**Q** 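Quick one: the structure is below, and I'll ask about it shortly.
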Amino acid sequence: MSSHITAPRGTQDILPPISARWLALERRIHDLARRFGYGEIRTPIFESTELFVRGVGETTDIVEKEMYTFLDKGERSITLRPEFTAPVMRAALEHKLFAQGPQRWYYVGPIFRYERPQKGRYRQAHQFGVECTGFVGPEADFEVISLAWELVRSHGIDDAVLNINTIGDDECRPRYRESLLAHFRPHLDALSPDSQRRLERNPLRILDSKDDRDRPFVETAPTFESILCDGCRAHFGALRAYLDAANIPYVVNPKIVRGLDYYTRTVFEIISGALGAQSTVCGGGRYDGLVSSLGGPATPAVGFALGIERFLMMLDALHGDAVAPRAGVQAIALGAQARGVLVPLATELRRILAQPVFMDYEDRKLLAHLKAADRNNARYALILGSDELAAGEVVLRDLEARTDRRIPLGRAGDLAAALGEEQG
RNA sequence: GUGAUUGUAGCUCAGCUGGUUAGAGCGCCUGACUGUGACUCAGGAGGUCGCCGGUUCGAACCCGGUCAGUCACCCCA
């Protein structure tokens, strides 16, 4: 078994029938994005390592320890993309798209992070996300959040909660950071080892600590609310007003921080209890400083990324036991002569019918063919044996109603019509 | 990277304090029924017990290592 080659750790093969659920979700994603006026962007799966170091932030965990980085044969440092936002902005800069005003893109595809796999966490994961650039106002934040929420809402997922927060901008975030440092530093020795490490790196993250040792100091820590600058305060207030007006439920959660360096002002997550410890299915926010830090024009932007695997886990938890309705036709030929007639007929039916047409080609008993029809979850069996051949007919069996009818073995169109009638 | 836990048939799992030929259910194949499917019944195929090494007369079982799955920490989608 393990002497055979297996899929690399943290990756998975997506096989039928599960792959059909991926396809269904992807279709809804494409449709949703189109309705919001977003165009699909596809970027390379690998990029220059430098892009992520500058874009994501060199002290982030993603860049420090989670990237798939290697030298190619030309000695270039290459990295499998660990996220989409930096590549999308790189592409936009490369093609001078910001010169054309506000832009809206979405993407669907794999990302790669070298992590220990666990529930909802893989080394190759898939994300759907959007980026909206060129708008400084809260309307863009609202648009992006409502797009994400619409995907959740339209699937009837009821245990998902939208969490929003603001983490300030260049003006007030440094002030808040300083006040947190001033608050925690005197208690450094009493903090958990994790939080001691977080203090200089990203003190905001201490607020989200699960360690009891940190709790008393977290509770007395200054709130961002008290330090927020007027601009950020107004932006956040306006966003909340839009969400209220749209009846999108949310909670303000000061612990939502986000681990990537590029976020400013609005951050949000959609969280579900169906996901175990990796409870975030969708995370995003505003990143007004990223484009200029990549050497482009000062360009405000908002976006999010949504984990496809995690989203499908939520759908599983919601209605994992749903049975698919029977659909399609199992074409059954008994004997070589019947097969010679039925094979071309099946091909014609495939041209005409929207339903799938299944067919096995072995010389097997009728019983075995009908079992195959059950496995394929077919609604009908189209049976052609020597009797039917002699009579110039086929038997159309409704596998659900368990009824037979004989239909003249003529044009495929007549058959399709018969099937169409039966399908209502 | 840290910790816990689990690897036996396609799937879900038994397998006693080590004992020689490793089992069950489901699924699959064949037949009872030249040709009528979720039901019966009878046969059959399918396993280097994750892998490597050690201990032992003897290892699925004990020990070490390794790989992988699962879960949590960290972090994130």
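Note that these values count all heavy atoms, side chains included, but never hydrogens, waters or copies made by symmetry. Computed from a predicted structure; not experimentally measured. Proteins get letters first, then strands, A, B, ... in listed order; numbering begins at 1 in each.
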**Q** I need the OH-C1' distance between A/Y262 and B/C76, as an integer number of Å.
**A** 11 Å
**Q** Cation-pi check for A/Y380 against A/R397: NZ or CZ below 6.0 Å from the six-membered ring centre and within 45 degrees of the axis, yes or no?
**A** no
**Q** Which nucleotides of nucleotides 34-42 of chain B have their base under 4.0 Å from a protein heavy atom (B), which only their sugar-phosphate (S), and which neither (-), written as one string 5' to 3'?
**A** -BBBB----
**Q** Scan A/G284 against the nucleic acid and name what it touches under 4.0 Å (heavy atoms): base, sugar-phosphate only, or nothing.
**A** nothing
**Q** Taking B/U48 as the reference, what is the distance to B/U56 when you measure between their P atoms (whole Å, please)?
**A** 28 Å
**Q** Would you kindly compare A/Q124 and A/D208 by the position of their nearest RNA chain B nucleotide and give the one closer to the 5′ end?
**A** A/D208
**Q** How long is the gap from CD on A/E388 to CD on A/E393, to the nearest 0.5 Å?
**A** 8.0 Å
**Q** Does a side-chain heavy-atom distance below 4.5 Å link A/L382 with A/V357?
**A** no
**Q** Report the nucleotide, chosen from B/A77, B/A4, B/C74, that has the shortest atom-to-atom distance to any side-chain atom of A/Q127.
**A** B/A77
**Q** Tell me the interatomic distance from A/Q118, atom CD, to B/U2, atom P, rounded to whole angstroms.
**A** 15 Å
**Q** Testing the 3.5 Å rule here: is there a donor-acceptor pair between the side chains of A/T299 and A/T133?
**A** no
**Q** With a 4.0 Å cut-off on heavy atoms, is A/Y122 in touch with a base, just the backbone sugar-phosphate, or nothing at all?
**A** base
**Q** Atom CZ of A/R364 to atom C1' of B/C29: distance rounded to whole Å?
**A** 8 Å
**Q** Atom CD of A/E269 to atom C1' of B/C75: distance rounded to whole Å?
**A** 12 Å
**Q** Given the P atoms of B/U8 and B/A14, what is the spacing between them in whole Å?
**A** 10 Å
**Q** For the P atoms, the ones on B/G58 and on B/G19, what distance do you get once it is rounded to whole angstrom?
**A** 15 Å
**Q** Among the candidates B/A77, B/G1, B/C74, find the nucleotide nearest to the side-chain atoms of A/Y114.
**A** B/G1
**Q** I'd like the P distance from B/U66 over to B/G47, given in whole Å.
**A** 30 Å
**Q** Find the distance A/Y263:OH to B/C76:P and express it as a whole number of Å.
**A** 10 Å
**Q** Is it the case that the ring center of A/Y38 lies less than 6.0 angstrom away from the ring center of A/Y106?
**A** no
**Q** Check every strand shown and say whether A/E66 touches a base, only sugar-phosphate, or nothing at a heavy-atom separation below 4.0 Å.
**A** sugar-phosphate
**Q** I'd like to know if A/E115 reaches the base of B/A77 with its side chain such that a donor and an acceptor end up less than 3.5 angstrom apart.
**A** yes
**Q** Taking atom P of B/C71 as reference, at what distance in whole Å does atom CG of A/L275 sit?
**A** 11 Å
**Q** Are OP1 or OP2 of B/A77 and a side-chain N or O of A/Q278 less than 4.0 angstrom apart?
**A** no
**Q** Mind checking the C1' distance from B/G7 to B/C13? Whole angstroms is fine.
**A** 13 Å
**Q** Taking the P atom of each, how far is B/A59 from B/G53, in whole Å?
**A** 13 Å
**Q** Quick one: does A/V251's side chain get under 4.5 Å of A/V161's, heavy atoms only?
**A** yes
**Q** Taking any heavy-atom pair under 4.0 Å as a contact, classify A/A305: base, sugar-phosphate, or nothing.
**A** sugar-phosphate
**Q** Does B/U70 have OP1 or OP2 sitting under 4.0 Å from an N or O in the side chain of A/K119?
**A** no
**Q** Let me know, please, whether A/R197 or A/I270 comes out on the 5' side of the other along RNA chain B by nearest nucleotide.
**A** A/R197
**Q** Distance between the P atoms of B/C71 and B/G54, in whole angstroms?
**A** 35 Å
**Q** Under 4.0 Å, counting only non-hydrogen atoms across every strand here, what does A/G276 touch: a base, just sugar-phosphate, or nothing?
**A** sugar-phosphate
**Q** Side-chain N or O of A/R9 versus OP1/OP2 of B/G69: is the shortest distance under 4.0 Å?
**A** yes
**Q** Is a donor on one side and an acceptor on the other found under 3.5 Å between the side chain of A/T347 and the backbone of A/V343?
**A** yes
**Q** If you write RNA chain B from 5' to 3' in dot-bracket form, with Watson-Crick or G-U pairs under 3.5 Å, [ ] for crossing pairs and | for pairs with another strand, what do you get?
**A** (((((((..((((.....[...)))).(((((.......))))).....(((((..]....))))))))))))....
**Q** Report the distance from atom CD1 of A/I383 to atom CD1 of A/I332, rounding to the nearest 0.5 Å.
**A** 5.0 Å
**Q** Hey, is the side chain of A/R205 poking within less than 4.0 Å of OP1 or OP2 on B/C74, counting only N and O atoms?
**A** no
**Q** Please report, rounded to the nearest Å, how far the P atom of B/A72 is from the CG atom of A/D211.
**A** 18 Å
**Q** Starting from P on B/G10, measure out to CZ on A/R375 and report it in whole angstrom.
**A** 17 Å
**Q** With side chain to side chain contact (heavy atoms under 4.5 Å, CB included) as the test, pick out the partner of A/L275 among A/K119, A/R121, A/E309, A/R310.
**A** A/R310
**Q** When rounded to the nearest 0.5 angstrom, what is the spacing between CE in A/M359 and CG in A/L345?
**A** 9.0 Å
**Q** Would you mind reporting whether A/L180 and A/P222 have side-chain heavy atoms less than 4.5 Å apart?
**A** yes
**Q** Just N and O in the side chain of A/R121: are any of them under 4.0 Å from OP1 or OP2 of B/C74?
**A** no
**Q** Quantified in whole Å, what is the P atom distance between nucleotide B/C52 and nucleotide B/C67?
**A** 15 Å
**Q** For A/P186 and A/A182, which heavy atoms make the closest approach, and how far apart are they?
**A** CD-O, 3.1 Å
